[in-house]
Amino acid sequence: MEISFIPLDYDYFDWQGKNYLKIIGRSEDGKKVCIIDSFQPHFWIILNEKISEKRIQEIQKKIEEIKVFCSNRTTKVLKTQFCTKNFLGKPVKAIKIFISNYKDAWAIAEKIDFKEVRAKREYDLPLITKYIIEKKLLPLSWNRVTGEILNNSQEFDGLDSSLEVDLCLKVKKFQKLENKEILFNPKILAFDIEADEFDIGKGEILMISLVGKNFKKVLTWKKTRKKPEYVEVFENEAEMIKAFVNYVKKLDPDILTGYFSDGFDLPYLRARAEKNKLRLNLGVDSRQPNFVRGKISSAKIFGIVHVDLFRFIESVYSQYLQSETLSLNDVAWELLGEKKHDFKLKNQKTLKEEEWKDYFEYNLQDSVLTYKLTEKFWPDMQEFCKIIQEPLFEITRNSMSQLVESYILHNLEKYDEIAEKRPLHDEIAKRRSRPKYEGAFVLQPKAALYENLAIFDFTSYWPSIIVTFNLSKSTLLEKKEKDSLEVDIGKKVYFSKKPGFFPEMLREIIKRRKKHKAEYRKNENPILKARSNAYKLLANASYGYQGFFGARYYCPEASAAATAISREFTKKTIDKINEKGYSVIYSDTDSIAFKLNGHTKREALDLLKEINSHLPGIMELELEDFYKRGIWVTKRTGEFGAKKKYALINDQGKLKIRGFETVRRDWCNLARNLQNQILESILKEGNEKKALKIVKETIKKIKNRDVEKEDLIIRTQLKKPLAEYKAITPHVIAAKKLKESGIPIDAGMLIEYYIGETKNKKALVRERVKLPDEKGNYDINYYLKNQILPAIENIFEVFNINVNELIEGKKQMKLDVF
DNA sequence: GTGCACACGGCAAC
DNA sequence: TCGGTTGCCGTGTGCAC
């Protein structure tokens, strides 16, 4: 039997003491297929260089006799092979050790104890990763698979008959179908639950919505007289949960998707199924979801890829979103232009008959949004999966640094490298306590309103430095060598000029990103965009990876060298721009803003060309944009210009605002909106007159108590459990108030409050905190002095105007007089 | 009691 | 365990005077 097959979900099992893979995917004609493949795992030991051939053979012979007994099985070494490989860029003598069961690789490695063994490696890779690297059955890629159909076979203890699939094949061989792009549209099913208690399992699940292509359903046990046609009513919670499982099985999706379903929906379903003595047998082998431990446990369902879209967005895309929170509502609004339905959750017992309809609608809409967002992110997930070569389940949950690491592991073969090991507990502790290294350069600006500006920035600064200067763990030298690169990072460090695999991989990533970006420009489709973007994200994360304490290829010297080199280039470039008759105003890391001083744009572009002709390697400076005006302000404390705070307007009238309160979510909308208007007015008009008028109107509005409460609410995130706070700040007080009113408080919650008026005018801010629902007058003085003033004071200072006087009314009187 | 410096905490820039 | 450092600024806190 021969089929075209695309792998979606990977799992493994033991049979007769050996490892087998069971991989679920689809055939070209849409059948759900499970293929079973054998796998002969191995790991490596690396030997000292001066070892004799005879001694190597002795060691091999002794290793081949090793056996371990654990968990009711015996695992043995099957064979060994002597090889010359590379490790951290250097040739090494190594022995490849094949074993019968990979789960015991660790135990076998522990039994190997010869003084000639320098290191043991690759016993700590996940089995599925190891399998994919070895056999190259890549996720989401089409393969021609030849095999034997298993139909009620005794082999593998009758595994095939327990699987709900159309076809089960025991693999003989397979081959990647190159140059054949069969379009694969996964069947997506989105779900969302509503429960009457927020704590997992504490209340009952009231309803479950399911949305697929041409499918919309809300399952409930609540009996209401009038209900929308998509609502299906069951006798009780247990029957509803059973129906949910049955629908999932019947609809047979490739992807079951939820929004924070790892942390809420699936754990809740599990808890309620247990309570009702039901099995949540969602897997194609009828297993229940497996909760893989982690900071948030990941719910894995065999044969259906459970995607928690929130986690993918959080780890991979959040930095590119404008949304102030990653709530479904905010993200859907930004990406789809749609919102959740307006519905204020309250206790179901007090819900009126007609309100249930709204509740059903609300529940359905959450699944609709999750479904649409998953469709929208599908190209991105797919491209990441293909590029990183890890299964979709892992891709959608791993952090960027893990994705970088997976990419490395799946590409080591080209360099004949043995993989480095993961750091263990003690090593991590040591790395975490390392002193910080110096970061990038930030130029102190002079506060003023400037006209006719340009900004240059370095293209992919960190990756281009790492590639150009060959900075990595494997190229770091112990001591100075002939023709090595010397970098001062507080002490002298040296890097080899012989290209290392990490910088070379990064070079390849950047090359591909360029290629796919060009392709996308010719043919704008979502797949090409996602592909180009995935390479970009991967390149950008590589700098952080080397400085990350959990990395296999951790190298703080490389990170510190990269920042040292960046400071040098940025400063040199600033000098050069100044020398050519321009005036540099500001610079942060990889960008430089300067005044044209009467030069034309053409001349500025010529300067850019000239600078580029002297930059080494793949380093490149590019034009970010030309700007009509820009404003920099002073810090509130001291008279120096503030860094990381500026606003610009380009020739097309588009604003670019950085660092100001306008873009910070922990300021009330009143202050943010006002500041935004002020900046826009000043940048557009070129003076402060109109802006001043807006300020006066706003102050009047505040004093007259005409401001809506929504605009006064301050939102601050609770970053850790309440009890851990040393400083009792206003948002901590607000969180305590919430808790007292019966709302569960968790780290990560965005706490909302406003500042109310009290008799004691000098009370601490935290003593004036009120929750949004609490009645009371807002504190006029607080909003004027602590919100409005800080937001605009420094902007007007540029024009020598004292806003404080305006607020207190002195100047206002004078102005009124004239 | 007031003024100051500093720690804590959150969030942004890159 | 689950990228990094730089920087701003409000609020709280402890100390000097």
Side-chain angles (χ1 to χ4, degrees), chain A residues 293-296 298 311 314-316 319 324 397-406 422-429 431-432 434-444 457-458 460-462 537-538 540-552 554 556 558-560 562-563 566-567 570 586-591 633-638 640-646 656-667 671 714-720 724-733 750-751 755 762 764-769 782 785-787 789-791 793-794:
Chain A
R293 276 194 306 139
K295 204 175 173 194
I296 310 171
S298 311
R311 296 192 64 186
E314 184 190 34
S315 59
V316 178
Q319 65 176 123
E324 279 168 24
R397 283 168 180 79
N398 290 353
S399 64
M400 274 313 294
S401 67
Q402 282 173 306
L403 295 182
V404 171
E405 186 153 285
S406 295
R422 267 167 66 186
L424 294 178
H425 185 265
D426 288 355
E427 176 65 18
I428 288 177
R431 290 179 180 187
R432 293 191 87 161
R434 136 188 94 72
K436 284 188 171 185
Y437 56 84
E438 194 181 338
F441 170 71
V442 189
L443 179 73
Q444 182 119 52
D457 57 21
F458 286 97
S460 309
Y461 206 24
W462 300 121
L537 295 190
L538 209 51
N540 288 346
S542 60
Y543 160 73
Y545 173 77
Q546 293 202 96
F548 165 51
F549 56 79
R552 286 174 195 258
Y554 175 71
S559 301
T563 57
S566 84
R567 293 191 295 273
T570 301
Y586 179 64
S587 167
D588 186 347
T589 312
D590 60 350
S591 73
V633 300
T634 57
K635 285 204 284 183
R636 291 211 82 208
T637 51
F640 296 113
K643 297 169 176 179
K644 298 188 189 283
K645 272 183 108 166
Y646 59 92
K656 178 176 174 177
I657 300 178
R658 293 289 120 101
F660 275 110
E661 284 73 5
T662 300
V663 299
R664 295 180 62 94
R665 72 167 183 202
D666 53 347
W667 285 74
I714 298 162
R715 296 178 179 83
T716 317
Q717 197 184 18
L718 204 66
K719 302 284 272 188
K720 55 187 181 187
E724 284 177 29
Y725 278 89
K726 280 186 203 163
I728 308 304
T729 49
H731 83 293
V732 172
I733 292 294
L750 201 60
I751 308 291
I755 302 304
K762 285 192 174 171
L764 289 172
V765 178
R766 68 175 175 212
E767 287 160 349
R768 288 176 273 165
V769 166
Y782 175 84
K785 293 272 184 182
N786 298 45
Q787 291 279 325
L789 188 64
E793 187 175 35
N794 301 81

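Lettering of chains follows the sequences in order, A, B, ..., and the numbering in each one begins at 1.
Asn786(A) has a side-chain polar atom (N or O) that falls below the 4.0 Å cut-off from OP1 or OP2 of dT11(C). For dC8(B), neither phosphate oxygen OP1 nor OP2 lies less than 4.0 angstrom from any side-chain nitrogen or oxygen of Lys720(A). One finds no side-chain N or O of Arg636(A) lying less than 4.0 angstrom from the OP1 or OP2 phosphate oxygen of dC9(C). Between Lys644(A) and dA13(B) there is no side-chain N or O to OP1 or OP2 distance below 4.0 Å. Neither OP1 nor OP2 of dA7(B) sits under 4.0 Å from any side-chain N or O of Tyr725(A). For Gln717(A) and dC11(B), the shortest distance from a side-chain N or O to OP1 or OP2 is below 4.0 Å. The phosphate of dC14(B) has neither OP1 nor OP2 within less than 4.0 Å of any side-chain N or O from Tyr586(A). Within the 4.0 Å cut-off from OP1 or OP2 of dG3(C), at least one side-chain nitrogen or oxygen of Ser401(A) is found.
One can place NZ of Lys719(A) at 11 Å from C1' of dA12(B), the figure rounded to the nearest angstrom. For the pair Glu793(A) CD and dC8(C) P, the computed distance is 16 Å after rounding to whole Å. Straight-line distance from the CD1 atom of Ile751(A) to the C1' atom of dG9(B): 14 Å, rounded to whole Å. In this structure, Arg715(A) places its CZ atom 13 Å from P of dA12(B), rounding to the nearest Å. As rounded to whole Å, 14 Å separates atom C1' of dG10(C) from atom CG of Asn794(A). For the pair Phe640(A) CZ and dC9(C) C1', the interatomic distance rounds to 17 Å; values are reported in whole Å. Whole-Å rounding puts the Lys726(A) NZ to dG10(B) P distance at 13 Å. The distance from atom CG of Asn540(A) to atom C1' of dG4(C) is 13 Å, rounded to the nearest whole Å.
Candidate nucleotides dC11(B), dT6(C), dG10(B) were compared by shortest atom distance to the side chain of Lys436(A), and dT6(C) ranks first. When distances run from any side-chain atom of His731(A) to the nucleotides dT5(C), dA13(B), dG10(B), the shortest one goes to dG10(B). Taking the side chain of Lys635(A) as heavy atoms from C-beta on, and the options dC2(C), dT13(C), dC9(C), the nearest nucleotide is dC9(C). Distance from the side chain of Glu661(A) is smallest for dC9(C) among the nucleotides dT1(C), dC9(C), dG7(C). Checked against dC9(C), dC11(B), dT13(C), the side chain of Trp667(A) finds its nearest nucleotide in dC9(C). Of the listed nucleotides (dG10(C), dA12(B), dT6(C)), dA12(B) has the atom at the smallest distance from the side chain of Arg664(A). Candidate nucleotides dC11(B), dG7(C), dG4(C) were compared by shortest atom distance to the side chain of Lys643(A), and dG7(C) ranks first. For Thr589(A), the side-chain atoms get nearest to dC14(B) when compared with the rest of dT6(C), dC14(B), dG4(C). Taking only side-chain atoms of Leu764(A), from C-beta outward, the nucleotide of dA13(B), dG12(C), dC8(C) with the closest atom is dG12(C). Side-chain proximity of Arg658(A) to the nucleotides dG10(B), dC8(C), dA13(B) is greatest for dA13(B).
Across all strands, Glu438(A) comes closer than 4.0 Å only to sugar-phosphate atoms, never to a base (heavy-atom distances). In this structure, Ser559(A) reaches neither bases nor backbone, as no heavy-atom distance under 4.0 Å exists between it and the strands shown. Nucleic acid contact for Tyr437(A): sugar-phosphate only, since backbone atoms but no base atoms lie under 4.0 Å from a heavy atom of the residue. Residue Pro790(A) is classed as a sugar-phosphate contact, given heavy-atom separations below 4.0 Å to backbone atoms only. Contact annotation for Gly544(A): base contact, defined as any heavy-atom pair under 4.0 Å involving a base atom. Residue Tyr782(A) is classed as a sugar-phosphate contact, given heavy-atom separations below 4.0 Å to backbone atoms only.
The pair Arg567(A)-Glu438(A) meets the salt-bridge criterion, with a side-chain N (NZ, NE, NH1 or NH2) lying under 4.0 Å from an Asp/Glu carboxylate O. The existence of a salt bridge linking Lys643(A) and Asp588(A) is excluded, since no basic side-chain nitrogen approaches an acidic carboxylate oxygen closer than 4.0 Å. Taking 4.0 Å as the cut-off between side-chain N and carboxylate O, Glu724(A) and Lys719(A) do not count as a salt-bridged pair.
No donor-acceptor distance shorter than 3.5 angstrom exists from the side chain of Thr716(A) to the backbone of Asp666(A), with no hydrogens or angles considered.
Ser298(A) and Arg311(A) get closest at one heavy-atom pair: OG-NH1, 3.0 Å. Closest of all the heavy-atom pairs between Val663(A) and Ile657(A) is CG1-O, 3.6 Å.
Looking at which nucleotide of DNA chain C each of Lys645(A) and Arg422(A) is closest to, the 5′-most match is held by Arg422(A). Mapped onto DNA chain C by nearest heavy atom, Gly547(A) and Gln444(A) fall at different nucleotides, with Gly547(A) at the one closer to the 5' end.
Looking only at side-chain heavy atoms (C-beta outward), Leu789(A) and Arg636(A) come within less than 4.5 Å of each other.
Donor-acceptor pairing under 3.5 Å is recorded for the side chains of Gln717(A) and Arg665(A).
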